[in-house]
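Report on the following structure.
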Amino acid sequence: MTARRIDGKAAAAELHERVAGAVRNFTQAAGRAPGLATVLVGEDPASAVYIRSKNKATAAAGMVSFHHQLPETTSEAELLALVDELNRDERVDGILVQLPLPSDIDDKTVIAAIDPAKDVDGFHAENAGKLATGLEALVPCTPLGCLHLLRAELGSLAGLDAVVIGRSNIVGKPMAMLLLGENATVTIAHSRTRDLPEVVGRADIVVAAVGRAEMVRGDWIKPGAIVIDVGINRIPTEDGKGRLVGDVAYDEASEVAAAITPVPGGVGPMTIAMLMRSTLVAAHRRAGIADPEGL
Ligand code: NDP
């Protein structure tokens with residue numbers, strides 16, 4: 001079997017287009033465009049690339065972006081003061097503080113300071129709690145993107161066995177909650193899981209969010225499973241440039257799975273598309289307008 005390649009780039013492009021349409025409607029109804037504030041502390045090159053793509057996508061969708069670049073030496077108090085200012089700024093519907101933060105700033109304190117109504121990353125405990133209890137929440141963008149791809153692939157997920165490898169607050173846990181919400185039977189695996197290949201072998205849906213290059217091998221996968229690879233790992237190459245690979249050995253898994261996301265070009269583009277969608281949704285809720293449909 002050769003698996004279908006799930007084209008996250010194409011799915012994201014389609015979503016960007018639909019979001020842009022809904023942004024035009026919102027702007028007309030509310031008399032202003034949705035606004036996303038991004039905050040980057042320091043000069044981490046990977047973070048700078050992410051922030052640039054987020055700000056580019058915001059402008060392309062017809063939303064307003066407010067970028068705040070702070071020096072590496074910024075104190076926690078200074079960052080909290082900026083978050084407070086953004087919480088009170090009516091033009092700002094979404095606040096995204098790019099992680100990781102410098103080591104002397106506590107990311108938990110910063111996340112807790114963000115107004116949950118503007119927490120488009122969905123990391124605030126109030127949003128995590130709402131997701132876990134089935135209330136309307138802002139949900140982390142990466143798992144939301146994975147769910148979008150799974151729904152497009154499978155339609156209903158009810159009754160399917162899903163294994164999520166990884167239990168971070170950013171990917172693994174919210175992914176498991178979303179799958180449970182879709183009535184899948186969910187197993188969360190992590191570094192202490194016994195016999196991971198056997199656990200993965202039972203799954204109709206495998207979501208790998210570990211951060212270990214090509215850890216999930218082809219012979220772990222149940223024939224016909226759908227594989228969503230969240231991992232982004234750079235491995236060395238002879239030319240010194242390195243190459244991006246996922247947490248799943250793509251070629252091997254492609255021999256067994258029914259469909260699989262590539263790295264790059266799978267989950268990554270969906271994450272940014274979902275951030276645009278969440279900013280738009282946050283704008284609707286803050287303006288007291290019903291959520292946009294068909295997104
Ligand atoms: P974390 O490091 O926070 O979590 C990794 C998880 O993997 C942990 O729960 C850990 O278990 C588990 N794990 C580690 N080693 C093993 C192992 N040998 N067997 C089973 N489980 C293991 O990572 P994130 O969740 O933040 O990210 C995961 C990956 O996804 C990374 O590669 C990251 O770059 C990528 N990513 C991609 C995004 C995208 O847009 N495509 C967005 C966000 C992340 P334990 O809890 O026991 O330590």
Side-chain angles (χ1 to χ4, degrees), residues 5-13 15-16 38 44-54 56-57 96-101 103 107-108 111 120-123 128 131 139-150 162-179 186-203 206-217 220-221 227-235 242-250 260-278:
R5 181 178 171 281
I6 301 174
D7 189 346
K9 226 170 149 183
L15 188 60
H16 278 298
T38 52
D44 177 59
S47 294
V49 170
Y50 289 139
I51 286 284
R52 263 201 302 279
S53 344
K54 288 167 184 175
K56 218 171 115 194
L96 184 147
V97 179
Q98 185 67 43
L99 302 179
L101 289 167
S103 54
D107 52 2
K108 288 191 193 73
I111 290 167
V120 283
D121 260 338
F123 296 164
L131 174 63
V139 177
C141 301
T142 298
L144 209 52
C146 296
L147 183 67
H148 185 95
L149 295 176
L150 282 168
V163 170
V164 180
I165 320 174
R167 55 174 163 178
S168 71
N169 292 333
I170 294 174
V171 190
K173 277 186 213 157
M175 184 75 247
M177 288 299 155
L178 287 171
L179 290 165
V186 184
T187 302
I188 307 175
H190 46 78
S191 66
R192 306 291 190 90
T193 296
R194 275 184 292 174
D195 201 355
L196 187 60
E198 188 272 330
V199 172
V200 169
R202 287 189 251 133
V206 180
V207 181
V210 184
R212 292 171 75 103
E214 301 180 321
M215 182 189 82
V216 178
R217 310 310 308 186
W220 298 12
I221 310 276
V227 180
I228 304 290
D229 190 351
V230 181
I232 303 176
N233 312 288
R234 189 171 286 281
I235 56 169
R243 185 165 68 90
L244 287 187
V245 298
D247 290 340
V248 181
Y250 183 88
I260 180 167
T261 57
V263 177
V267 173
M270 286 306 295
T271 298
I272 292 184
M274 283 301 170
L275 174 66
M276 298 301 110
R277 180 188 181 278
S278 290

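Values below: all heavy atoms of this structure, side chains included; hydrogens, waters and symmetry mates excluded. For reference, positions follow the sequence shown, starting with 1. Remember, it's 1-based here, ligands and their atoms both numbered in the order they're listed. Note that this is a predicted model, so its numbers are computed, not measured.
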What is the nearest protein non-hydrogen atom to [atom], stated with its residue, atom name and distance?
atom: atom 44 (C) of ligand 1; result: V171 CG2, 4.0 Å
atom: atom 15 (N) of ligand 1; result: R212 CD, 3.5 Å
atom: atom 21 (N) of ligand 1; result: H190 C, 3.2 Å
atom: atom 4 (O) of ligand 1; result: S168 CB, 3.9 Å
atom: atom 7 (O) of ligand 1; result: V210 CA, 3.5 Å
atom: atom 17 (C) of ligand 1; result: M215 SD, 3.8 Å
atom: atom 34 (O) of ligand 1; result: I232 O, 3.7 Å

Tell me whether [X] reaches ligand 1 (any heavy atom closer than 4.0 angstrom to a ligand atom).
X: M270; answer: no
X: V230; answer: yes
X: G268; answer: yes
X: A209; answer: yes

Which heavy-atom pair separates [X] from [Y] by the least distance, and what is that distance?
X: P269; Y: G266; answer: CD-O, 3.3 Å
X: C146; Y: I228; answer: SG-CG2, 3.6 Å
X: R167; Y: K173; answer: O-CE, 3.3 Å
X: L147; Y: M175; answer: N-CE, 4.1 Å

Item to check | Check against side chain to side chain contact (heavy atoms under 4.5 Å, CB included), I272 and H16 | outcome: CA-CA 9 Å; I272 292 184; H16 278 298; 4.2 Å; yes
Within a radius of less than 6.0 Å around [atom1] of [X], do more than 12 heavy atoms belonging to other residues, nucleotides or ligands occur?
X: R243; atom1: CZ; result: no
X: Y250; atom1: OH; result: yes
X: R212; atom1: CZ; result: no

Has ligand 1 got any nitrogen or oxygen that is less than 3.5 angstrom from a nitrogen or oxygen of [X]?
X: G166; answer: no
X: S191; answer: yes
X: R167; answer: yes

Checklist entry - Counting only heavy atoms, which portion of T142 has something under 4.0 Å from ligand 1: side chain, backbone, both, or neither? => result side chain
Item to check | Chi angles and distances behind the side chain to side chain contact (heavy atoms under 4.5 Å, CB included) call for D247, D229 | outcome: CA-CA 6 Å; D247 290 340; D229 190 351; 3.6 Å; yes
Item to check | Atoms of ligand 1 close to T271 [distance to a heavy atom under 4.0 angstrom, numbered from 1] | outcome: 39 (C), 40 (O)
Item to check | Enumerated ligand 1 atoms positioned under 4.0 Å from heavy atoms of V267 | outcome: 41 (N)
Item to check | Rounded distance (nearest 0.5 Å) linking atom CD1 of I170 with atom CD1 of I111 | outcome: 7.0 Å
Item to check | Pick from A208, G211, P269: the one approaching atom 31 (C) of ligand 1 most closely through a non-hydrogen atom | outcome: G211
Item to check | Check against side chain to side chain contact (heavy atoms under 4.5 Å, CB included), L150 and L179 | outcome: CA-CA 10 Å; L150 282 168; L179 290 165; 3.9 Å; yes
